Amino acid sequence: MSERKTITDFIQPARSPDEKRPSVIIVAGRDIGRQYFLSKGDTLIGRDEDCAIRLNDSRASRRHAKISGDPHAQAGPHFSVIDLDSTNGTFLNERRITEAMLADGDKIHIGYTLFKYAIRDIVEIEYENKIYRMATTDALTGLSSRDHFLQQYNEVFHRSQRYHRPFSLMMADIDDFKSVNDTYGHPVGDRVLEALGRTVMEVIRYEDFPARYGGEEFVVLMPETSPENARRPAERLRRKIETLVFEAEGKCFSVTVSIGIAGYPDHAETMNDLMKSADNALYEAKKMGKNQVRLFQGGRQ
């Protein structure tokens with residue numbers, strides 16, 4: 001599993017704070033907000049250890065693409081993105097390319113990761129990074145926020161629709177969480193939520209997108225995954241959570257989660273219907289005794 005850093009990654013340090021520097025920032029994918037400054041020459045992107053931008057991404061090739069150019073060219077930063085005969089292709093602004101020049105604001109799609117190419121000074125980059133994280137991250141759990149999840153959900157749904165690809169939606173809810181807050185207080189409840197956020201990040205796959213949907217409810221987008229295949233990571237998550245032990249007021253306690261799963265296009269044709277199907281599956285898991293994973297059993301809504 002890839003390292004998850006929360007600071008800007010520098011390929012080369014800037015010479016002064018106001019120097020304009022070209023960079024790529026991950027705007028969709030697991031390491032959202034992570035930035036890489038580009039230096040003169042080639043910057044390799046892929047799964048190999050020698051890649052400057054290393055992706056733990058099953059749809060990325062070992063040496064997938066490179067960004068090549070000069071940040072100090074006479075006319076300003078001058079970079080192009082070049083596909084290295086990758087299996088799944090390199091896309092610039094949703095168009096598959098072999099080689100293309102980059103302009104400020106361009107989007108580069110590699111595997112499950114979406115980069116934005118930007119030319120900013122250090123102060124701008126650090127400020128935008130901080131604001132972006134505040135806007136997209138749930139402060140308590142470290143997972144994505146509800147609003148950001150809905151943006152990603154919209155993107156994944158329409159991409160799956162366009163290219164006729166499956167994906168699954170997992171909804172997880174902590175069982176009897178109210179009793180934790182009532183018995184031990186909300187600070188202890190917050191500790192539980194924080195621990196579950198970490199556990200979700202540890203257990204799910206790189207390509208999955210987790211978020212705190214609200215209160216004690218979590219959601220995970222699972223691209224390229226049928227509902228049946230989504231059951232395995234869901235079960236891993238459920239089992240891992242039930243092994244966690246918390247201590248408060250001299251007592252130890254554990255929590256469990258119930259999980260519902262629905263998939264596109266198996267269970268729904270619209271975003272709203274897919275959400276309802278996953279929620280119905282979660283309701284069935286609760287009704288059948290909690291601490292279990294249930295797949296939606298109905299037809300398309």
Side-chain angles (χ1 to χ4, degrees), residues 1-5 8-12 21-71 77-119 151-168 204-210 220-226 229-230 233 264:
M1 190 165 290
S2 66
E3 260 184 82
R4 298 185 184 96
K5 299 180 181 179
T8 303
D9 287 297
F10 294 89
I11 290 175
Q12 273 190 356
R21 295 295 307 275
S23 66
V24 287
I25 176 171
I26 296 177
V27 295
R30 179 65 62 82
D31 295 323
I32 287 175
R34 189 171 181 179
Q35 298 178 76
Y36 303 84
F37 285 137
L38 301 172
S39 58
K40 185 175 182 178
D42 294 339
T43 299
L44 288 176
I45 307 172
R47 291 188 288 119
D48 269 358
E49 290 187 6
D50 65 343
C51 289
I53 302 177
R54 188 181 178 195
L55 302 177
N56 183 7
D57 186 330
S58 61
R59 287 186 59 81
S61 298
R62 293 188 178 280
R63 294 164 70 88
H64 192 107
K66 66 180 180 180
I67 298 176
S68 183
D70 184 355
H78 184 273
F79 283 90
S80 59
V81 58
I82 302 164
D83 184 74
L84 300 177
D85 295 321
S86 65
T87 301
N88 294 308
T90 300
F91 295 80
L92 181 65
N93 300 324
E94 297 297 324
R95 181 175 62 87
R96 186 164 183 165
I97 57 93
T98 301
E99 179 174 353
M101 292 299 301
L102 289 172
D104 191 15
D106 277 348
K107 302 289 180 60
I108 305 166
H109 211 146
I110 293 176
Y112 294 106
T113 307
L114 182 65
F115 297 92
K116 178 181 178 180
Y117 174 71
I119 302 173
Q151 293 173 11
Q152 294 292 311
Y153 181 38
N154 181 72
E155 180 180 325
V156 169
F157 189 93
H158 288 101
R159 190 185 310 131
S160 297
Q161 201 173 43
R162 181 186 307 165
Y163 297 111
H164 307 289
R165 304 301 301 168
F167 80 96
S168 289
I204 64 169
R205 306 166 307 175
Y206 174 84
E207 56 265 30
D208 298 334
F209 184 87
V220 182
L221 286 173
M222 309 178 77
E224 305 283 339
T225 306
S226 68
N229 287 336
Y264 172 86

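Note that the structure is a prediction, hence the values are computed from the model and not measured. All residue numbers refer to positions in the sequence shown, counting from 1. The basis for the numbers below is simple: all heavy atoms, side chains too, and nothing from hydrogens, waters or symmetry mates.
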Is there a donor-acceptor contact under 3.5 Å from the side chain of [X] to the main chain of [Y]?
X: D106; Y: A103; result: yes
X: D104; Y: I119; result: yes
X: S61; Y: T87; result: yes
X: H158; Y: Y153; result: no
X: D42; Y: K66; result: no

Should [X] and [Y] count as side-chain neighbours, where that means a heavy-atom distance under 4.5 Å?
X: T43; Y: F79; result: no
X: L55; Y: I45; result: yes
X: T90; Y: R96; result: no
X: R165; Y: Y264; result: no
X: S226; Y: F167; result: no
X: V24; Y: L102; result: no
X: H64; Y: R47; result: no
X: I204; Y: P233; result: no

Nearest heavy-atom pair of [X] and [Y]: which atoms, and what distance?
X: G111; Y: R59; value: CA-CB, 3.7 Å
X: P166; Y: S160; value: O-OG, 4.4 Å
X: Q152; Y: A28; value: OE1-CB, 3.6 Å
X: F37; Y: S23; value: CD2-CB, 3.5 Å

Open item on the list: Check this for me: does any side-chain nitrogen of one of E224 and R159 sit under 4.0 Å from a carboxylate oxygen of the other?
Closed with: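 No, this pair does not count.
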Open item on the list: Under a 4.0 Å threshold between the charged nitrogen and the carboxylate oxygen, would R63 count as salt-bridged to D85?
Closed with: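 No, D85 and R63 are not salt-bridged.
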TODO: Evaluate the side chain to side chain contact (heavy atoms under 4.5 Å, CB included) criterion for residues E49 and R54: first the C-alpha distance (whole Å), next the side-chain angles of each, then the deciding distance (0.1 Å), finally the verdict.
DONE: CA-CA 7 Å; E49 290 187 6; R54 188 181 178 195; 3.5 Å; yes
Task: Short side-chain donor-acceptor distance under 3.5 Å, T98 and D83 - done: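 No, no side-chain donor-acceptor pair sits under 3.5 Å.
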TODO: Ignoring hydrogens and angles, state whether a donor on the side chain of R205 or T225 is under 3.5 Å from an acceptor on the partner side chain.
DONE: yes
Task: Verdict with reasoning, M101 to H78, per side chain to side chain contact (heavy atoms under 4.5 Å, CB included) - done: CA-CA 8 Å; M101 292 299 301; H78 184 273; 3.2 Å; yes
